[in-house]
> 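Once you've had a glance at the structure underneath, I'll fire off some questions.
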Amino acid sequence: MPMTDAQILVTGENTPEYAHPGDAGADLRASEAITLEPGDRALVATGIRIALPDGFVGLVHPRSGLAAKHGVTVLNTPGTIDAGYRGEVKVILANLGREPFSVEPGDRIAQLVVQRVERAEFIRVEQLPGSDRGEGGFGSTGHRAADETTTDQESA
Ligand SMILES: O=c1ccn([C@H]2C[C@H](O)[C@@H](COP(=O)(O)OP(=O)(O)OP(=O)(O)O)O2)c(=O)[nH]1
Ligand SMILES: [Mg+2]
């Protein structure tokens, strides 16, 4: 009996499955055929509906094999499946490759990672507490190790 941390009720065929014990992602399969031309995106049906327990979220992640071999990814990665959502789980696939990409019913197109989530309380204040990082962001720490000691000109 595999160890489970959460039980998720599922309707429809193609119940998500973990390919290996210890996998974080359970494969999501397409329930329809579709061809994505290069640059196209599509909302691909999986045919399943799920009921996640309160306090959990389902995250629709891309499969690295599709990305590496075909340039196919999940456009809104990771897609968010809310615990209260009872509609069909759909995958927004995007073809960033140079060839058309065809999906057949039953093909594994993405993977569902189930995680616990915190529900936050947002408290409006006039001023935030200070921090070491402050307002620095968006590359403020440089983009490679050399940035810490040399500039581009120095290293050229
Ligand atoms: O990849 C995805 C992303 C979302 N959903 C479903 C489940 C999710 O609970 C619902 C809403 O998703 P999200 O909140 O990301 O979309 P939104 O654009 O904010 O729509 P809404 O106003 O319905 O929240 O759509 C999917 O089936 N696949
Ligand atoms: Mg939303």
Side-chain angles (χ1 to χ4, degrees), residues 1-129 131 133-141 143:
M1 189 64 180
M3 202 180 76
T4 57
D5 299 317
Q7 290 188 324
I8 298 163
L9 305 177
V10 184
T11 64
E13 292 174 28
N14 294 330
T15 301
E17 280 176 359
Y18 295 103
H20 303 288
D23 281 2
D27 288 321
L28 292 173
R29 294 176 187 270
S31 63
E32 61 179 342
I34 198 162
T35 296
L36 284 168
E37 298 297 326
D40 269 7
R41 64 175 185 269
L43 205 52
V44 184
T46 66
I48 62 160
R49 293 161 189 260
I50 66 177
L52 290 153
D54 259 357
F56 286 82
V57 65
L59 298 175
V60 181
H61 285 259
R63 296 187 67 212
S64 61
L66 295 185
K69 290 180 198 156
H70 304 286
V72 169
T73 188
V74 174
L75 184 59
N76 58 328
T77 186
T80 304
I81 310 296
D82 299 291
Y85 179 69
R86 296 291 179 269
E88 181 178 1
V89 173
K90 295 195 176 182
V91 176
I92 307 172
L93 281 187
N95 182 2
L96 308 182
R98 296 198 180 92
E99 306 292 332
F101 182 77
S102 290
V103 171
E104 299 297 330
D107 284 355
R108 294 176 297 156
I109 52 172
Q111 51 187 329
L112 188 71
V113 176
V114 176
Q115 289 183 209
R116 286 189 165 83
V117 286
E118 304 292 336
R119 286 275 296 175
E121 183 185 357
F122 297 93
I123 303 163
R124 189 179 158 82
V125 293
E126 289 306 317
Q127 200 167 4
L128 299 176
S131 76
R133 170 176 283 271
E135 295 185 15
F138 314 102
S140 66
T141 61
H143 69 289

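Both counts, for ligands and for their atoms, begin at 1 and track the order of listing. Because only heavy atoms are used, hydrogens play no part in the values below, and waters and symmetry mates are left out as well, while side chains stay in.
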> How far is atom 26 (C) of ligand 1 from the closest protein heavy atom, and which atom is that?
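The answer is Ile81 CD1, 3.4 Å.
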> Within 4.0 Å of atom 5 (N) of ligand 1 (strictly less), any protein heavy atom?
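Neighbour list for atom 5 (N) of ligand 1 includes protein heavy atoms (cut-off 4.0 Å).
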> Answer yes or no for atom 9 (O) of ligand 1: protein heavy atom present at a distance under 4.0 Å?
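Within 4.0 Å: yes, protein heavy atom nearby.
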> Can you tell if the side chain of Ile81 reaches within under 4.5 Å of the side chain of Val60, non-hydrogen atoms only?
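Ile81 reaches Val60 side chain to side chain.
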> Should the proximity of Asn76 to ligand 1, defined as any heavy atom under 4.0 Å, be assigned to the side chain, the backbone, both, or neither?
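Answer for Asn76: side chain.
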> Show me which atoms of ligand 1 lie under 4.0 Å from any heavy atom of Val89.
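That gives atoms 27 (O) of ligand 1.
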> Would you say that more than 12 heavy atoms from the other residues, nucleotides or ligands in this model lie under 6.0 Å from the CZ of Arg86, or not?
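Result for CZ/Arg86: enclosed.
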> Looking only at protein heavy atoms, which one is nearest to atom 2 (C) of ligand 1, and what is the separation?
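Minimum-distance protein heavy atom for atom 2 (C) of ligand 1 reads Lys90 O, 3.5 Å.
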> Does a sphere of radius 6.0 Å around CD in Glu99 hold more than 12 heavy atoms from other residues, nucleotides or ligands, not counting ones at 6.0 Å or beyond?
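Open: at most 12 neighbouring heavy atoms sit under 6.0 Å from CD of Glu99.
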> Among protein heavy atoms, which sits nearest to atom 11 (C) of ligand 1, and what does the distance come to when rounded to 0.1 Å?
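Here the closest protein heavy atom is Asp82 OD2, 4.0 Å.
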> Distance under 4.0 Å to a non-hydrogen atom of Gly79: what atoms of ligand 1 satisfy this?
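Those atoms are 1 (O).
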> Any chance CD of Gln7 has more than 12 other-residue heavy atoms, nucleotides or ligands included, within less than 6.0 Å?
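Open: at most 12 neighbouring heavy atoms sit under 6.0 Å from CD of Gln7.
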> In terms of atom number and element, which parts of ligand 1 are under 4.0 angstrom from non-hydrogen atoms of Glu88?
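Going through ligand 1 atom by atom, the ones under 4.0 Å from Glu88 are 27 (O).
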> Does the protein come close to atom 17 (P) of ligand 1 - that is, does one of its heavy atoms sit below 4.0 Å from that atom?
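It does not; no protein heavy atom is within 4.0 Å.
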> For the backbone of Ala94 and the side chain of Arg41, can you confirm whether one donor and one acceptor N or O come within less than 3.5 Å of each other?
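Side chain of Arg41 to backbone of Ala94, a donor-acceptor pair under 3.5 Å: no, none is there.
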